Amino acid sequence: MSSRSRPRDSIRLTGLTATGHHGVFDFEKREGQTFRVDVELTLDFRAAGRSDDLADTVSYVEIAELVQAGITGAPFDLIEALAEHLARAILRRDERIAATEVTVHKPQAPLPQSFQDVSVTARRDRADLLADPAADLAPDLAAGQTSGQDPAGASGAEVAAVLALGSNLGESAVTLASAVTALEGTQRVRVLKQSPVARTSPVGGPADQPDFLNQVIEIATTLSPQELLRRTQAIEAEHHRARGAENGEIRWGPRTLDIDIISYGQERISSETLQVPHPRAAQRGFVLVPWTWMDPQAHLAGRPVAELARDTADFDTVQPLEHAP
Ligand SMILES: Nc1ncnc2c1ncn2[C@@H]1O[C@H](COP(=O)(O)OP(=O)(O)OP(=O)(O)O)[C@@H](O)[C@H]1O
Ligand SMILES: Nc1nc2c(c(=O)[nH]1)N=C(CO)CN2
């Protein structure tokens with residue numbers, strides 16, 4: 001019967017607004033502007049209608065988070081590409097979503113004429129996902145700038161990744177805990193281990209900045225490296241991380257939240273937006289010491305992390321938070 005085979009219900013989320021850096025021009029990437037997204041999900045929510053149970057439908061909260069992460073994440077040149085990315089990410093999020101319509105509005109597009117809005121709409125269903133899997137790649141991966149494959153994206157298998165978190169502005173302990181909670185709440189991410197929080201002296205950047213709190217976590221994820229970077233950058237943005245000199249960011253200066261991808265399985269990635277293993281991790285006591293607390297046997301690019309940690313210049317400054325003066 002057609003009512004069984006063709007979902008006819010919909011969930012609509014309209015007017016989700018955030019600042020993104022998408023655009024063809026350099027100044028658009030640098031300065032950012034407002035993007036607004038409307039989403040319609042086509043699905044069958046008869047079960048939820050009867051049970052009144054969230055587990056029987058798709059939570060619009062998750063869809064909103066995903067859209068926000070897409071808007072604030074790594075920039076695309078075209079709003080078509082952002083719409084495509086969002087539509088595919090939505091379909092991948094939950095297989096009960098049969099189809100989706102995503103409209104991306106760019107009301108501040110750089111046009112000399114007076115105008116109200118410019119928008120594009122992507123209408124995608126599950127058949128589109130299967131037909132063109134390469135389109136799932138994020139901007140720089142699609143451009144073929146990585147040295148490696150996209151292992152999770154390709155096989156769906158979980159990959160273990162190590163993330164390093166740092167904060168020295170605001171309520172840093174609360175921020176780190178909140179960032180870990182955000183990762184725990186991320187679909188396709190499982191937080192496996194957390195190091196104790198360390199107090200560390202700043203390495204690089206202005207000499208007069210406050211001490212950092214640092215933490216290392218291990219996750220298992222089926223997100224691709226670029227998807228993981230988008231998610232970690234969205235979490236940074238949610239915690240008011242300023243990006244870019246025009247927003248007052250100083251290289252290696254004070255920040256509310258920094259999340260670095262230290263390793264992603266055994267992958268070696270060298271793209272414009274992502275280098276893995278993180279190129280400076282092996283010299284950073286503030287990363288390696290908490291990592292050894294969490295996992296004394298850990299290795300980074302074939303070398304024991306405990307050994308690397310002892311050779312770092314900031315080794316002695318790294319103290320467990322509860323024992324710090
Ligand atoms: N492994 C990685 N993890 C996180 N960001 C990365 C990584 N490799 C490259 N990047 C890129 O680095 C850019 C700058 O990141 P960020 O501002 O966090 O650097 P930083 O923390 O100031 O310095 P550092 O990279 O030395 O820790 C990001 O926009 C991101 O695209
Ligand atoms: N102690 C410490 N120093 C830093 C840190 C950090 O997290 N902790 N992050 C930096 C850039 O990401 C630069 N310097």
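Every number for a ligand or one of its atoms is a count from 1 in the order of the listing. Because the structure is a prediction, the values reported are computed rather than measured.
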Given R255 and D258, is the salt bridge (charged side-chain N to carboxylate O under 4.0 Å, His left out) satisfied, shown in steps? CA-CA 7 Å; R255 66 256 332 259; D258 185 42; 3.6 Å; yes
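Residues satisfying the salt bridge (Lys or Arg N to Asp or Glu O under 4.0 Å) criterion with R280, sequence neighbours excluded, are absent altogether.
The residues R231 and E236 are annotated as not salt-bridged, no charged nitrogen and carboxylate oxygen being separated by less than 4.0 angstrom. Residues E84 and R123 are not paired through a salt bridge, judged by the lack of any N-O separation under 4.0 Å between the basic side chain and the carboxylate.
Nearest heavy-atom pair across D314 and F286 is OD2-N, 3.0 Å.
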Nitrogen or oxygen contacts under 3.5 Å, ligand 1 side and protein side:
{"residue": "ligand 1", "atom": "1 (N)", "partner": "I261", "partner atom": "O", "Å": "2.8"}
{"residue": "ligand 1", "atom": "1 (N)", "partner": "Q275", "partner atom": "O", "Å": "2.8"}
{"residue": "ligand 1", "atom": "3 (N)", "partner": "I261", "partner atom": "N", "Å": "3.0"}
{"residue": "ligand 1", "atom": "8 (N)", "partner": "Q275", "partner atom": "N", "Å": "2.9"}
{"residue": "ligand 1", "atom": "10 (N)", "partner": "T273", "partner atom": "O", "Å": "3.2"}
{"residue": "ligand 1", "atom": "17 (O)", "partner": "R241", "partner atom": "NH2", "Å": "2.9"}
{"residue": "ligand 1", "atom": "17 (O)", "partner": "R243", "partner atom": "NH1", "Å": "3.0"}
{"residue": "ligand 1", "atom": "18 (O)", "partner": "D258", "partner atom": "OD1", "Å": "2.8"}
{"residue": "ligand 1", "atom": "21 (O)", "partner": "R255", "partner atom": "NH1", "Å": "3.0"}
{"residue": "ligand 1", "atom": "21 (O)", "partner": "D258", "partner atom": "OD1", "Å": "3.3"}
{"residue": "ligand 1", "atom": "21 (O)", "partner": "D258", "partner atom": "OD2", "Å": "3.1"}
{"residue": "ligand 1", "atom": "22 (O)", "partner": "R255", "partner atom": "NH1", "Å": "3.4"}
{"residue": "ligand 1", "atom": "22 (O)", "partner": "R255", "partner atom": "NH2", "Å": "3.1"}
{"residue": "ligand 1", "atom": "23 (O)", "partner": "W252", "partner atom": "NE1", "Å": "3.2"}
{"residue": "ligand 1", "atom": "25 (O)", "partner": "H278", "partner atom": "NE2", "Å": "3.2"}
{"residue": "ligand 1", "atom": "25 (O)", "partner": "R280", "partner atom": "NH2", "Å": "2.9"}
{"residue": "ligand 1", "atom": "26 (O)", "partner": "W252", "partner atom": "NE1", "Å": "2.9"}
{"residue": "ligand 1", "atom": "26 (O)", "partner": "R280", "partner atom": "NE", "Å": "2.6"}
{"residue": "ligand 1", "atom": "26 (O)", "partner": "R280", "partner atom": "NH2", "Å": "3.3"}
{"residue": "ligand 1", "atom": "26 (O)", "partner": "R284", "partner atom": "NH2", "Å": "2.7"}
{"residue": "ligand 1", "atom": "27 (O)", "partner": "D260", "partner atom": "OD2", "Å": "3.1"}
{"residue": "ligand 1", "atom": "27 (O)", "partner": "R284", "partner atom": "NH1", "Å": "3.0"}
{"residue": "ligand 1", "atom": "29 (O)", "partner": "Q233", "partner atom": "NE2", "Å": "3.2"}
{"residue": "ligand 1", "atom": "31 (O)", "partner": "T273", "partner atom": "O", "Å": "2.6"}

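Following chains of ILVMFWY side-chain contacts shorter than 4.5 Å, one cannot reach W293 starting from V162, and the two form parts of different hydrophobic clusters.
Within 4.0 Å of ligand 2, protein heavy atoms belong to G166, T200, S201, P202, V203, F212, N214, W252, R255, D258, F286, listed by chain and number.
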Residues 112-122, side-chain donor-acceptor partners within the protein, below 3.5 Å, at least two apart:
{"residue": "D117", "atom": "OD2", "partner": "H105", "partner atom": "ND1", "Å": "2.5"}
{"residue": "T121", "atom": "OG1", "partner": "T103", "partner atom": "OG1", "Å": "2.8"}

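With no hydrogens or angles considered, a side-chain donor-acceptor pair links Q226 and T273 at under 3.5 Å.
In this structure the side chain of V39 reaches within 4.5 angstrom of the side chain of I63, judged on heavy atoms.
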